[in-house]
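One structure is given below, encoded as structure tokens.
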Amino acid sequence: MTTAAPRPDLRPPGLNADEKTTLLAFLDYLREAVLAKAAGVPEPAVRAAGVASGTSLLQLLKHLTAVELNWFVWAYTGADRDRWEDEGAVSADDTASDLADAYRAAIVRANEVVLACTDLDRPGARSLRETPPPSMRWVLVHMIEETARHAGHADILREQIDGATGR
């Protein structure tokens with residue numbers, strides 16, 4: 001049913017580095033896991049809701065793209081623009097390739113913000129919640145948590161589609 005063989009099971013990064021490098025390595029590992037779960041899944045399975053809530057692999061990509069941009073670009077840097085829609089539905093025009101490319105571009109943009117940060121304790125410009133702006137450390141840990149939850153959702157959806165398992 002897939003167009004590409006599932007990737008082998010990958011373990012978390014093994015490194016002994018500074019805090020920012022370590023946090024970013026784990027976040028990148030989880031981001032890649034989400035992308036890998038959507039890779040090679042043909043239409044219409046990639047957009048089919050696998051659970052009653054309506055979650056699909058494409059919906060997860062679209063959501064995570066907006067969440068990355070909202071936390072790192074809108075909230076942390078204070079970008080002068082409206083927030084990205086993070087609950088938007090997948091449209092008929094959205095393709096797996098386009099949404100994966102958009103997610104990759106958001107990751108690059110988010111990583112640029114992280115790499116430019118010289119103090120993980122420094123709060124961002126604003127918050128997505130009704131709280132004071134969080135530090136870069138908090139944003140990184142939150143994005144690890146957010147991406148990990150959705151990587152787990154993607155694991156289940158992919159297994160329902162074609163039985164593929166593993167990170």
Side-chain angles (χ1 to χ4, degrees), residues 7 9-39 41 46 49-79 82-90 99-160 164-167:
R7 74 181 190 169
D9 196 26
L10 300 178
R11 299 287 179 226
L15 74 153
N16 187 12
D18 62 275
E19 183 182 13
K20 181 166 60 171
T21 301
T22 301
L23 291 170
L24 199 52
F26 272 84
L27 181 54
D28 282 340
Y29 164 75
L30 293 165
R31 290 161 164 165
E32 182 56 37
V34 171
L35 285 162
K37 288 299 174 177
V41 179
V46 72
V51 292
S53 67
T55 302
S56 70
L57 289 169
L58 290 188
Q59 190 272 332
L60 289 174
L61 287 175
K62 193 166 191 169
H63 171 72
L64 284 169
T65 298
V67 171
E68 290 271 352
L69 294 169
N70 281 333
W71 275 111
F72 290 107
V73 178
W74 185 87
Y76 196 80
T77 69
D82 291 338
R83 289 170 49 177
W84 283 264
E85 173 55 55
D86 64 4
E87 296 298 328
V90 174
L99 291 180
D101 287 347
Y103 186 40
R104 286 185 188 95
I107 290 166
V108 167
R109 201 159 170 199
N111 283 355
E112 289 169 351
V113 173
V114 175
L115 293 172
C117 179
T118 58
D119 180 1
L120 294 180
D121 290 328
R122 186 177 76 79
R126 57 186 165 217
S127 180
L128 289 166
R129 301 177 178 187
E130 295 177 10
T131 63
S135 68
M136 176 58 77
R137 178 180 293 102
W138 186 94
V139 173
L140 282 165
V141 171
H142 171 65
M143 286 306 302
I144 289 168
E145 174 269 329
E146 174 95 4
T147 309
R149 275 188 307 113
H150 293 314
H153 299 147
D155 283 340
I156 293 166
L157 293 170
R158 181 65 185 258
E159 187 173 357
Q160 289 176 338
T165 60
R167 288 169 257 184

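Taking each heavy atom of Pro123 and Pro133 in turn, the nearest pair found is CB-O, 3.4 Å. When all heavy atoms of Trp74 and Ser127 are compared, the pair lying nearest together is CZ3-O, 3.7 Å. Of all non-hydrogen atoms in Ala154 and Leu60, the two that sit nearest each other are N-CD1, 3.7 Å. For the residue pair Leu61 and Ala100, the shortest heavy atom distance occurs at CD1-N, 4.1 Å. Considering all non-hydrogen atoms of both residues, Lys20 and Leu115 come closest at NZ-O, 3.4 Å.
In terms of modelled atom types and a separation under 3.5 Å, the side chain of Ser135 and the main chain of Trp138 share a donor-acceptor contact. Using a distance-only test at 3.5 Å, with no hydrogens or angles considered, no donor-acceptor pair links the side chain of Lys62 to the main chain of Leu99. A donor-acceptor pair under 3.5 Å links the side-chain atoms of Arg158 to the main chain of Lys37, judged by distance alone. Using modelled atom types, no side-chain atom of Asn70 and backbone atom of Arg83 make a donor-acceptor pair closer than 3.5 Å. Side-chain N or O atoms of Arg122 include none that pairs as donor or acceptor with a backbone N or O of Met136 at under 3.5 Å.
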Derivation of the side-chain contact (heavy atoms from CB on, under 4.5 Å) call for Ile156 and His153:
CA-CA 5 Å; Ile156 293 166; His153 299 147; 5.6 Å; no
Audit row: Glu145, His142, side-chain contact (heavy atoms from CB on, under 4.5 Å) steps and yes/no
CA-CA 5 Å; Glu145 174 269 329; His142 171 65; 3.3 Å; yes
Determine, step by step, whether Tyr76 and Val114 satisfy the side-chain contact (heavy atoms from CB on, under 4.5 Å) criterion, reporting the C-alpha distance in whole Å, the side-chain angles of both residues, the deciding distance to 0.1 Å, and the verdict.
CA-CA 9 Å; Tyr76 196 80; Val114 175; over 6 Å; no
Mind running side-chain contact (heavy atoms from CB on, under 4.5 Å) on Glu68 and Tyr103 for me, showing each step along the way?
CA-CA 8 Å; Glu68 290 271 352; Tyr103 186 40; 4.0 Å; yes
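For the pair Met143/Phe72, a side-chain contact is recorded, criterion being any heavy-atom separation below 4.5 Å from C-beta on. Residues Gln160 and Leu157 meet the side-chain proximity criterion, which asks for heavy atoms closer than 4.5 Å.
Around the CG atom of Asp119, the shell of radius 6.0 Å holds more than 12 heavy atoms that belong to other residues, nucleotides or ligands. The neighbour count for Arg137 CZ, taken as heavy atoms of other residues, nucleotides or ligands under 6.0 Å away, is above 12.
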